Amino acid sequence: MLANMAAIMEIKGEVVFKSIAFSRAGRIVKDLAIDVKAALDDGSLARTPGIGQHTLRVIDQYARTGRSADYDELAGSLPAGLLELLEIPGLGPKTISLFWKERNIAGMGDLIKALDSGYLDGLKGIGPKKLDGIRAGIAFRQRSAGRILIGEAQPIARSLVERLRRVAGVEEAQIAGSLRRCRETIGDVDLLCSASHLSDGPAVAAAFVKFPEVQRIQGQGQTKASILTTDDLQVDLRIVPADSFGAALLYFTGSKEHNVKLRGLASARHCTLNEWGLYKAAEYDALQKKAGEAPALRSVAGRSEAEVYAALGLDFIEPELREDRGEVEAAGRGELPRLVGRSDIRGDLHTHTIASDGVATIEEMARTAVAMGYEYLAITDHSKGQTLANGLNEERLLRHVKEIRQVGRRLSGIKLLAGCEVDILADGTLDFEDAILAELDMVIASPHAALKQDALKATDRLLRAIDNRYVNIIGHPTGRMINSREGLPLDMAKIFKLAAANGTALEINASYQRLDLNEISARAAVQAGVKLAVNTDSHSTGGLQGMEFGLGVARRGWVRPQNVINCMGIARLEEFIAAKRRL
DNA sequence: GCCGTTTTCGGCCCGACTGTTTTCAGTCG
């Protein structure tokens, strides 16, 4: 609702800062780890920077009554159909407003008809190319579902970077943008490269737009180019000299909100920060600038990101934290967390084999884990309720356990844990009796079906599972699938409280379709004293490599190694499991 | 609309590219 209000203000041509303020308030509410009503009641929302008198009133009224008079009034002032027009790339608020006022365009249907009939021809400032651009934008919008999953974008981006590195004149090429920040979904791919000489820029841009995966060229200049790939992914490339690489990487990695905050800090230090570098404001303002050329001025910093942060009085901020969620302030105080990384991970605690729906054997999974440098690996095939996934019944499970232990004895260099991913049934009971679970080294309990329960039922269901002394990890707690299934509407505060109290870990499922818990819940869980487990849920040896996506979520959630049970050595992990059984 | 190491009023990040224009507005990141 707040984001809509911001959009409406944009189209109405209100002072842009008003729109920005509402948009920011919307983001703050969306990022809340606790319920909005709770944040209103305890006064924390009112104290949040960016929430002021007006936005607080709107949120408060909506939370109490389910309506907002301010929203209703604003929404009533223009046709609702105009808002979706903002989603068309190349079409912005000014043009939408023009179409509405001059040609009575009230929505997508009107716009398409008017484009077809020539009704928009002859408007001031609108020529044939602009109209073509809008047509292409609408077609793109209808073809593509919007943001794609990180695991889908990454291989495409990596192959483009490889190709870029081979282009003449390119020194260094790197992925930037939301992909570098490990967001769960990616709107477009941002790539950055440095050229040995900036004069090579146009040639690099020209080579880029001729890559075989290019479907359409959106733009091409001295220092940047933008293309649409054959699978409808937009890719933006920026080309800078090596001296500006750090500043440009910072700029192109974002987030936008993080950048805005850094530039504000630069201002306060009488400097100006842009993609070319950090400059003394007085010197920079006196300069004759030309688009597409590096400022003819020595920068204060710019070669590396670390240099720029240091010049602003900040510790280095990892890309995953750059969302303006308090990281800049923490960096200023020297209080950033040491984030969990790949080298902290000692094992994977959620994997499947051919015994249920995996494609690799116990031994194949184990050997891959050894090659990855893991100290332990848990084999956790499905329970009998997962009939489609060839779930194991009691008898098959016990045979499987025996086999896991046999393989474990035979292999050196890795400890195999005989486990199971047991279904949490709709009422919160588990798919196996305690007597069976007691035979296992470790238990994950996960919801797989009945994922449309209300908050009360769903929360009670998980609490029951957490309450079981044999359950060590709750797997993909909400059951969500990104872009396709909402998942259970859990009361996380209650879940965290019990999980922290009785030593049950919550999973960050690294499968890029799930990423469950998400980053917001992960951060709140850690604050509530809950232990996490970052697991791949892999069904093949290749799947074990997917750990990085789960780590991305954990890092975005400010998670430290000490918060993660699979960063423990085997002895401590076994004690973690044993402690709950003693309760 | 929000906010205070410049401020309770007056700012609020900054640059590249496109299209439609003869100097700039719009859009994007």
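Naming convention: chains lettered A, B, ... in sequence-line order (proteins, then strands); numbering from 1 in each chain. The structure displayed is predicted, hence computed values, not measured ones.
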*Compare the minimum distances between each of B:dG15, B:dC17, B:dC2 and the side chain of A:T55, then state the nucleotide with the smallest one.*
B:dC2
*In whole angstrom, give me the gap between the P atoms of B:dC13 and B:dT6.*
15 Å
*For the residue pair A:K12 and A:S97, confirm or rule out a side-chain donor-acceptor distance under 3.5 Å.*
no
*If the P atom of B:dT21 is compared with that of B:dT27, how far apart are they to the nearest Å?*
15 Å
_Does B:dC28 have OP1 or OP2 under 4.0 Å away from a side-chain N or O of A:Y251?_
no
*asked:* Please tell me if A:T272 has a side-chain N or O lying less than 4.0 Å from either OP1 or OP2 of B:dC13.
replied: no
*Taking 4.0 angstrom as the limit, do A:R322 and A:E257 come out as a salt bridge?*
no
*OP1, OP2 of B:dC14 versus side-chain N and O of A:W276: anything below 4.0 Å?*
no
*Under 4.0 Å between a side-chain N/O of A:S226 and OP1 or OP2 of B:dC17, yes or no?*
no
_Taking B:dT8 as the reference, what is the distance to B:dC2 when you measure between their C1' atoms (whole Å, please)?_
12 Å
*Which nucleotide in the list B:dG19, B:dA16, B:dG1 gets nearest to the side chain of A:K129?*
B:dG19
*Are A:F99 and A:K94 side-chain neighbours, meaning at least one heavy-atom pair lies under 4.5 Å?*
no
*asked:* Can you check the distance between B:dG29 and B:dT23, where both ends of the measurement are the P atom (answer in whole Å)?
replied: 29 Å
*Has A:N259 got a side-chain N or O lying under 4.0 Å from the OP1 or OP2 atom of B:dC13?*
no
